[in-house]
Amino acid sequence: MPPQPPPVSLIRLHYLWYVAAALAVMVAAIVIGNRWFLNWVHVMSGVLWTGIDLFMGFVIGPILRRVDVPVRKAILTRLTPVTLFLLPTLSIITGTAGWFLAVQMGLTQLPWPQFGWIAAALVLVTLMTLQGIGYLLPTSLRICLELQKERPDGAWIGRTMSRFYYVVASQGAMQVAIIVVMARLVTGI
């Protein structure tokens, strides 16, 4: 049996600079109070978060479930360090910038039932963020760490990826639902 390559480091500390820069842009947009800039930060982070989530869930996920363990290992050990920092940052920026934008536009002061659209957006973004940080991220890490073992437990990985796929699918459904909510907000309540 050929020797195993050393495990790939999951923590890339230089990514923290990117996270800090992205958060600084969000804070600047909130502090400056320019509606266009705040909207741009909200929309760009939302587009990136949604696009990456949907691509990962409906393109990468089904492919990973069908490839051999060495291929899956190679992909996940390179993908996990990036998503470890990128997706939580995008989810936090999207929700935070969106909230401050809604406050700035007076949308949080709308009467019921119009406020229901704001409440729906808040519930969806909170659920997606908690699900992503609380389940998807740790599960990705556990799978990646399992794949780095000399003899990964293929059955455990298969079962975990099956559950993971359904959670990712629910994220995709919520991403589509929040796009509907955002389209409703943009076109007028």
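We're numbering straight along the sequence, starting at 1. Every value quoted in this text rests on a predicted model; they were computed, and no experiment measured them.
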**Request:** Let me know which of Thr96, Val25, Thr94, Ile92 forms a side-chain contact (heavy atoms from CB on, under 4.5 Å) with Ser45.
**Result:**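 Exactly one option meets the side-chain contact (heavy atoms from CB on, under 4.5 Å) with Ser45, and it is Thr94.
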
Measuring from [X]:[atom1] to [Y]:[atom2], what's the distance to the nearest 0.5 Å?
{"X": "Ile178", "Y": "Met128", "atom1": "CD1", "atom2": "CE", "answer": "4.0 Å"}
{"X": "Lys149", "Y": "Ile157", "atom1": "NZ", "atom2": "CD1", "answer": "9.0 Å"}
{"X": "His42", "Y": "Met182", "atom1": "NE2", "atom2": "CE", "answer": "5.0 Å"}

**Side-chain hydrophobic cluster, 4.5 Å single linkage: members besides Val47** =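 Besides Val47, the cluster holds Val43.
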
**Request:** Identify the heavy atoms of Gly132 and Gln171 that sit nearest to each other, and give their distance.
**Result:**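 Reported closest heavy-atom pair: N-NE2, 3.9 Å.
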
**Asked** Which heavy atom in Gln131 sits nearest to a heavy atom in Ser170, and how many Å separate them?
**Response**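 Shortest heavy-atom separation between Gln131 and Ser170 comes out as NE2-OG, 3.1 Å.
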
**Message:** Before you tell me yes or no, could you show the steps for Gln114 and Leu107 under side-chain contact (heavy atoms from CB on, under 4.5 Å), namely the whole-Å CA-CA distance, both residues' side-chain angles and the distance that decides it to 0.1 Å?
**Reply:** CA-CA 9 Å; Gln114 292 89 353; Leu107 297 176; over 6 Å; no

**Request:** Report the C-alpha separation of Ile118 and Leu185 in whole Å, then their side-chain angles, then the decisive distance to 0.1 Å, and conclude whether the side-chain contact (heavy atoms from CB on, under 4.5 Å) test is met.
**Result:** CA-CA 8 Å; Ile118 301 300; Leu185 290 172; 3.6 Å; yes

Hydrophobic cluster membership, [X] vs [Y], 4.5 Å side-chain cutoff:
{"X": "Val176", "Y": "Val168", "value": "no"}
{"X": "Trp17", "Y": "Leu48", "value": "no"}
{"X": "Ile133", "Y": "Leu130", "value": "no"}
{"X": "Val123", "Y": "Phe100", "value": "yes"}
{"X": "Val180", "Y": "Met174", "value": "no"}

**Prompt:** Just by distance, do the side chain of Thr83 and the backbone of Thr80 share a donor-acceptor pair under 3.5 Å?
**Reply:**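 Yes, Thr83 side chain to Thr80 backbone: donor-acceptor pair under 3.5 Å.
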
May I have the list of side-chain donor-acceptor pairs in residues 134-144 shorter than 3.5 Å, sequence neighbours left out?
from: Thr139; atom 1: OG1; to: Tyr135; atom 2: O; distance (Å): 2.7
from: Ser140; atom 1: OG; to: Leu136; atom 2: O; distance (Å): 3.0

**Message:** The criterion is side-chain contact (heavy atoms from CB on, under 4.5 Å); which residues satisfy it with Ala155, sequence neighbours excluded?
**Reply:**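 Residues passing side-chain contact (heavy atoms from CB on, under 4.5 Å) with Ala155: Asp153, Arg159.
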
**Prompt:** Which residues pass the side-chain contact (heavy atoms from CB on, under 4.5 Å) test with Val19, sequence neighbours left out?
**Reply:**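 Expected list: Leu23, Phe85, Thr89.
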
Table please: side-chain donor-acceptor pairs of residues 27-40 below 3.5 Å, with sequence neighbours left out.
from: Asn34; atom 1: OD1; to: Trp36; atom 2: N; distance (Å): 3.0
from: Asn34; atom 1: OD1; to: Phe37; atom 2: N; distance (Å): 2.8

Return a table of donor-acceptor pairs under 3.5 angstrom between the side chains of residues 50-61 and protein atoms on other chains or two or more places apart.
from: Thr50; atom 1: OG1; to: Gly46; atom 2: O; distance (Å): 2.8
from: Thr50; atom 1: OG1; to: Gln175; atom 2: OE1; distance (Å): 2.7
from: Asp53; atom 1: OD2; to: Trp49; atom 2: NE1; distance (Å): 3.3
from: Asp53; atom 1: OD2; to: Gln175; atom 2: NE2; distance (Å): 2.9

**Request:** Tell me, with the steps shown, if Thr108 and Trp99 meet side-chain contact (heavy atoms from CB on, under 4.5 Å).
**Result:** CA-CA 9 Å; Thr108 58; Trp99 176 256; 3.6 Å; yes

